[in-house]
Trainee: 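The structure that follows is given in the form of structure tokens.
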There are 2 protein chains.
Amino acid sequence: MELESVLDELRAKGYKLTPQRIEIVKALVEERYEHPSLNRLLERVREKAPTISFSTLYTTLKMLEELGYVRLFYLKGETRVEVNLDPHINVVNLRTGDVEDLVDEEAMEALRRALERAGIRGRPTIVNVMVE
Amino acid sequence: MELESVLDELRAKGYKLTPQRIEIVKALVEERYEHPSLNRLLERVREKAPTISFSTLYTTLKMLEELGYVRLFYLKGETRVEVNLDPHINVVNLRTGDVEDLVDEEAMEALRRALERAGIRGRPTIVNVMVE
DNA sequence: GTATCTGCAAACCATTTGCATAGAT
DNA sequence: ATCTATGCAAATGGTTTGCAGATAC
């Protein structure tokens with residue numbers, strides 16, 4: 001996720017580039033590998049745009065999800081944001097809730113083969129490995 | 001998950017074997033590979049025990065999770081039940097919400113090696129492969 | 001007989017939505 | 001000037017909890 005290219009696409013599609021949206025996208029770029037919760041992200045964005053509401057953050061993230069920039073997922077009672085949508089592995093610590101990106105082409109390839117053996121159509125995207 | 005062995009353990013630990021609990025465990029055994037939602041399971045149990053409340057189902061599942069018989073997880077806004085806790089792959093269809101078990105030792109082994117390469121401690125348990 | 005369990009109903013709480021005002025273009 | 005976006009505050013809805021009566025033991 002690149003700051004300028006996202007802002008360009010939003011502009012091109014007619015979305016208004018409000019300070020709130022700009023700060024949200026900036027925060028997403030910076031927290032790209034952190035899988036932040038909505039409230040963590042809100043806190044983060046408020047450092048630069050103190051008046052931003054949860055509501056604005058929320059609708060903006062839904063919009064970005066629609067546009068294919070992020071994916072929202074649920075873990076331990078809260079919504080979290082996946083910014084890296086390249087196929088990869090998330091190592092999810094079930095005890096702490098930490099999520100760590102793991103890029104490993106060998107494992108991804110083994111998974112693709114397993115899906116193929118099982119006759120499953122569709123590409124694997126994110127793989128969440130629960131670790132305890 | 002075996003019906004009799006679960007009931008035996010509950011008895012042994014001093015839990016009362018109410019008709020509701022027995023029907024819940026039976027339903028879990030039958031729906032073992034279905035990853036049912038709480039409401040699906042409630043519907044299912046009510047076929048045999050029509051008066052059972054959501055509350056009883058809920059507290060019973062929490063108890064069974066505590067005892068290590070099931071794991072609860074969230075998908076598309078609702079809680080679902082994983083009965084098969086052997087390490088394996090869940091193929092999660094992000095569009096439909098369907099979850100399908102996939103046992104593939106080769107892929108699991110590749111994932112274990114990937115975790116090891118990355119220096120991650122802890123055993124992989126359930127692996128959710130998001131497919132779209 | 002008694003300690004636990006059930007089921008009702010209320011509480012909870014993160015998310016989702018409606019809407020009047022503010023602001024980007 | 002116009003049309004979209006913000007932020008407040010209320011609604012939603014699945015989950016969680018308190019408790020009086022019921023029940024397994």
Side-chain angles (χ1 to χ4, degrees), chain A residues 6-28 35-67 69-82 97, chain B residues 6-27 35-67 70-82 97:
Chain A
V6 178
L7 297 184
D8 283 350
E9 178 170 348
L10 294 182
R11 235 188 308 266
K13 297 206 161 149
Y15 292 99
K16 293 181 180 170
L17 289 192
T18 63
Q20 292 89 335
R21 284 178 174 169
I22 293 170
E23 289 307 325
I24 289 170
V25 176
K26 277 190 191 168
L28 287 172
H35 310 85
S37 68
L38 296 190
N39 282 319
R40 167 81 186 94
L41 203 54
L42 184 61
E43 204 178 274
R44 186 70 195 59
V45 172
R46 279 190 170 152
E47 291 172 9
K48 298 289 172 55
T51 72
I52 196 174
S53 65
F54 182 87
S55 172
T56 295
L57 174 68
Y58 177 79
T59 53
T60 302
L61 284 172
K62 285 293 190 184
M63 174 195 89
L64 292 173
E65 184 175 42
E66 204 68 28
L67 293 174
Y69 283 117
V70 301
R71 176 170 298 152
L72 304 179
F73 66 103
Y74 226 78
L75 188 61
K76 288 180 150 232
E78 59 183 7
T79 300
R80 300 179 60 166
V81 186
E82 172 72 77
Chain B
V6 178
L7 297 185
D8 283 349
E9 177 169 348
L10 294 182
R11 235 187 309 265
K13 296 206 161 147
Y15 291 99
K16 293 181 178 169
L17 289 193
T18 64
Q20 292 87 338
R21 284 179 175 169
I22 293 170
E23 289 307 325
I24 290 170
V25 177
K26 277 191 192 169
H35 308 87
S37 68
L38 296 191
N39 282 318
R40 167 82 186 93
L41 204 53
L42 183 62
E43 203 177 275
R44 184 71 195 59
V45 172
R46 279 189 171 154
E47 291 172 10
K48 297 289 173 54
T51 72
I52 197 175
S53 66
F54 182 88
S55 171
T56 295
L57 174 67
Y58 177 79
T59 52
T60 301
L61 284 171
K62 285 293 191 184
M63 174 196 90
L64 292 172
E65 184 175 42
E66 204 68 28
L67 293 174
V70 301
R71 177 171 297 153
L72 304 179
F73 65 104
Y74 227 79
L75 187 62
K76 290 181 148 230
E78 58 183 7
T79 301
R80 299 178 62 166
V81 187
E82 172 72 77

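Just so we're clear, the structure is a prediction, and the values are computed from it rather than from any experiment. Every chain is numbered from 1 and lettered A, B, ... according to where its sequence line falls, protein lines coming before strand lines.
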Trainee: What is the separation between atom CZ on A:Phe54 and atom P on C:dC13, rounded to the nearest whole Å?
Mentor: 15 Å

Trainee: Within less than 4.0 Å of OP1 or OP2 of D:dT6, is there a side-chain N or O belonging to A:Arg21?
Mentor: yes

Trainee: How many Å lie between CG on A:Leu10 and P on C:dT25, as a whole number?
Mentor: 11 Å

Trainee: Check this one for me: any side-chain N or O of B:Thr18 less than 4.0 Å away from OP1 or OP2 of C:dT6?
Mentor: yes

Trainee: CD of A:Glu47: more than 12 outside heavy atoms within 6.0 angstrom?
Mentor: yes

Trainee: Taking only Lys NZ, Arg NE, NH1 and NH2, and the carboxylate oxygens of Asp or Glu, determine whether A:Glu23 and A:Lys26 approach each other closer than 4.0 Å.
Mentor: yes

Trainee: Pick the closest DNA chain D nucleotide for B:Glu78 and for B:Gln20 by heavy atoms, then say which residue is nearer the 5' end.
Mentor: B:Glu78

Trainee: Quick one: on DNA chain D, does A:Arg46 or B:Ser55 contact a more 5' nucleotide (nearest heavy atom)?
Mentor: A:Arg46

Trainee: Compare side-chain N and O positions of B:Lys62 against OP1 and OP2 of D:dT16 and report whether any pair is under 4.0 Å apart.
Mentor: yes

Trainee: Within this structure, what is the CG-to-P distance between B:Leu75 and D:dT15, rounded to whole angstrom?
Mentor: 12 Å

Trainee: Could you tell me how far apart B:Tyr58 (OH) and C:dC5 (P) are, to the nearest whole angstrom?
Mentor: 16 Å

Trainee: Sub-3.5 Å donor-acceptor pair from the side chain of B:Arg80 to the main-chain atoms of B:His35, do we have one?
Mentor: yes

Trainee: Evaluate the side-chain contact (heavy atoms from CB on, under 4.5 Å) criterion for residues B:Leu41 and B:Leu61: first the C-alpha distance (whole Å), next the side-chain angles of each, then the deciding distance (0.1 Å), finally the verdict.
Mentor: CA-CA 10 Å; B:Leu41 204 53; B:Leu61 284 171; 3.9 Å; yes

Trainee: Whole-Å distance between C:dC5 C1' and B:Tyr15 OH?
Mentor: 12 Å

Trainee: Between D:dT6 atom C1' and A:Ile24 atom CD1, what is the distance in whole Å?
Mentor: 10 Å

Trainee: Nearest heavy atom decides the nucleotide; on that basis, is B:Thr59 or A:Thr59 closer to the 5' end of DNA chain C?
Mentor: B:Thr59

Trainee: Between C:dG7 and B:Thr51, is there an OP1 or OP2 to side-chain N/O distance shorter than 4.0 Å?
Mentor: yes

Trainee: What nucleic acid atoms does B:Gly14 come within less than 4.0 Å of, heavy atoms only: base, sugar-phosphate, or nothing?
Mentor: nothing

Trainee: Does a nitrogen or oxygen in the side chain of B:Thr56 sit under 4.0 Å from OP1 or OP2 of C:dG7?
Mentor: yes

Trainee: For A:Leu72, is there any backbone N or O sitting under 3.5 Å from a side-chain donor or acceptor partner on A:Glu65?
Mentor: yes

Trainee: To the nearest Å, give me how far apart CZ (A:Arg80) and P (C:dT15) are.
Mentor: 11 Å

Trainee: Please tell me which of the listed nucleotides, D:dA5, C:dT6, D:dT15, lies nearest to the side chain of B:Tyr74?
Mentor: D:dT15

Trainee: Grab the CD1-C1' distance between A:Ile22 and C:dT25 for me, whole Å please.
Mentor: 13 Å

